[in-house]
Asker: 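Dumping the structure here so I can ask a few things about it.
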Amino acid sequence: MRIATFNVNGIKARAQIVADWLRDSAPDIALLQELKSVDEAVPREVFEDAGYNLQTHGQKGFNGVAIAAKHPIEDVRRGLPGAEGAGREGADDEEARWIEATVVGDVAVRVCALYLPNGNPAPGPKYDYKLRWMERMRLRADELLSTEEAVVMGGDYNVIPQRIDVARPEVMEDDALFRPETREAFRRIENMGYFDAFRLREPGPGHYSYWDYQRGAFDRNEGLRIDHHLLSPQAADLLAGAWIETAPRAKAKPSDHTPVWIELGA
DNA sequence: ATGGTTGCGTGGCAA
């Protein structure tokens with residue numbers, strides 16, 4: 001089973017790119033972020049015409065996550081538990097950043113598509129929200145661990161885990177994606193028993209999943225590795241491969257992110 | 001050099 005995470009940066013603007021990608025690369029499961037669309041306006045035909053089921057958790061203008069899969073998408077859950085002031089206007093749970101579901105193909109997986117808050121500028125209220133969100137995610141990740149299922153949490157983490165995951169770490173020291181507290185919160189999830197799938201396969205530097213639109217960052221390979229799959233031990237047992245697919249980033253009118261893949265089982 | 005790019009949605013924000 002092959003699973004890809006892809007921040008599309010606007011599903012309406014990226015409909016043709018995503019349709020071509022589903023046809024050519026054919027993931028069994030696609031975990032998508034930054035739909036920037038309400039559920040009703042998502043171009044569902046992009047997925048249905050390619051033979052995918054689709055479950056979305058959208059929001060007007062910003063955020064938005066989805067799971068697309070060739071097999072049925074079961075036991076869907078939207079939103080992360082534990083939002084402060086849940087139900088009130090402006091509460092933490094207003095932002096559509098988390099969707100999880102079970103998919104049973106040649107292996108059975110609990111998959112989560114997540115869009116972790118960017119957090120800039122840091123310090124500040126947006127950074128405080130990011131760190132609170134990461135703690136809520138840790139608590140949910142711990143619950144999922146206790147199920148002893150194969151769990152895949154894939155998405156745009158907005159976290160640069162190590163210095164080798166950024167082209168120019170010296171200019172990122174104070175950035176919300178790279179600050180010590182951010183990396184510590186990421187490690188805290190790993191240390192409970194989750195594995196960064198890409199780093200189980202590729203120890204070296206220079207592998208990125210995002211390049212800024214500005215200053216020719218992609219052509220200079222000045223990027224960030226911020227899109228990840230964290231695997232529960234049961235999922236890590238099944239890991240057969242992990243890689244970054246750079247071709248979609250080189251197309252015309254691309255997302256600023258590119259798909260990151262894992263293969264589980266044979 | 002306080003620039004540069006993109007999406008959403010038609011303001012200016014978020015990234």
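Numbered from 1 within each chain, the chains take letters A, B, ... in sequence-line order. Below, each value reflects all heavy atoms present in this structure, side chains not excepted, and no hydrogens, waters or symmetry copies.
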Asker: Could you tabulate the donor-acceptor pairs under 3.5 Å formed by side-chain atoms of residues 259-266 of chain A, not counting sequence neighbours?
Answerer:
unit_1, atom_1, unit_2, atom_2, d
W261(A), NE1, E245(A), OE1, 2.9

Asker: Give me the first and last nucleotide of DNA chain B, going 5' to 3', that has any atom under 4.0 Å from a heavy atom of chain A.
Answerer: dG4(B) to dA15(B)
Asker: Is K251(A) reaching over with its side chain to a backbone N or O of I17(A), donor-acceptor style, under 3.5 angstrom?
Answerer: no
Asker: I'd like the C1' distance from dG11(B) over to dG7(B), given in whole Å.
Answerer: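 The answer is 14 Å between these two C1' atoms.
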Asker: Walk me through whether E143(A) and R140(A) qualify under salt bridge (Lys or Arg N to Asp or Glu O under 4.0 Å).
Answerer: CA-CA 5 Å; E143(A) 291 176 351; R140(A) 180 60 187 151; 2.6 Å; yes
Asker: Would you please test E173(A) and R163(A) for salt bridge (Lys or Arg N to Asp or Glu O under 4.0 Å) and show each step?
Answerer: CA-CA 10 Å; E173(A) 300 289 357; R163(A) 301 187 74 79; 3.1 Å; yes
Asker: With rounding to whole Å, what would you report as the distance between dA15(B) and dG4(B) at their C1' atoms?
Answerer: 14 Å
Asker: Minimum heavy-atom separation for A167(A) and E222(A), please, with both atom names.
Answerer: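 In terms of heavy atoms, the two residues are closest at CB-CA, 3.7 Å.
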Asker: Given that G61(A) and E34(A) both sit by DNA chain B, which one's nearest nucleotide is further toward the 5' end?
Answerer: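 So the residue in question is G61(A).
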Asker: With rounding to the closest Å, how many angstrom separate the C1' atoms on dA14(B) and dG9(B)?
Answerer: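 The answer is 13 Å between these two C1' atoms.
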Asker: I'd like to know if the side chain of R2(A) and the backbone of S25(A) have a donor-acceptor N/O pair within less than 3.5 Å.
Answerer: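 Such a contact is found between R2(A) side chain and S25(A) backbone.
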Asker: So which one's nearest nucleotide on DNA chain B is more toward 5', F62(A) or K253(A)?
Answerer: K253(A)
Asker: Does anything in residues 213-228 of chain A come within less than 4.0 Å of DNA chain B? Heavy atoms only, and list the residues if so.
Answerer: Y213(A), Q214(A), R215(A)
Asker: Do R179(A) and Y127(A) form a cation-pi contact, if we require the NZ or CZ to be under 6.0 Å from the six-membered ring centre and within 45 degrees of the ring's axis?
Answerer: yes
Asker: Quick check: is L144(A) connected to V109(A) through a chain of hydrophobic side chains (ILVMFWY, heavy atoms under 4.5 Å apart)?
Answerer: no
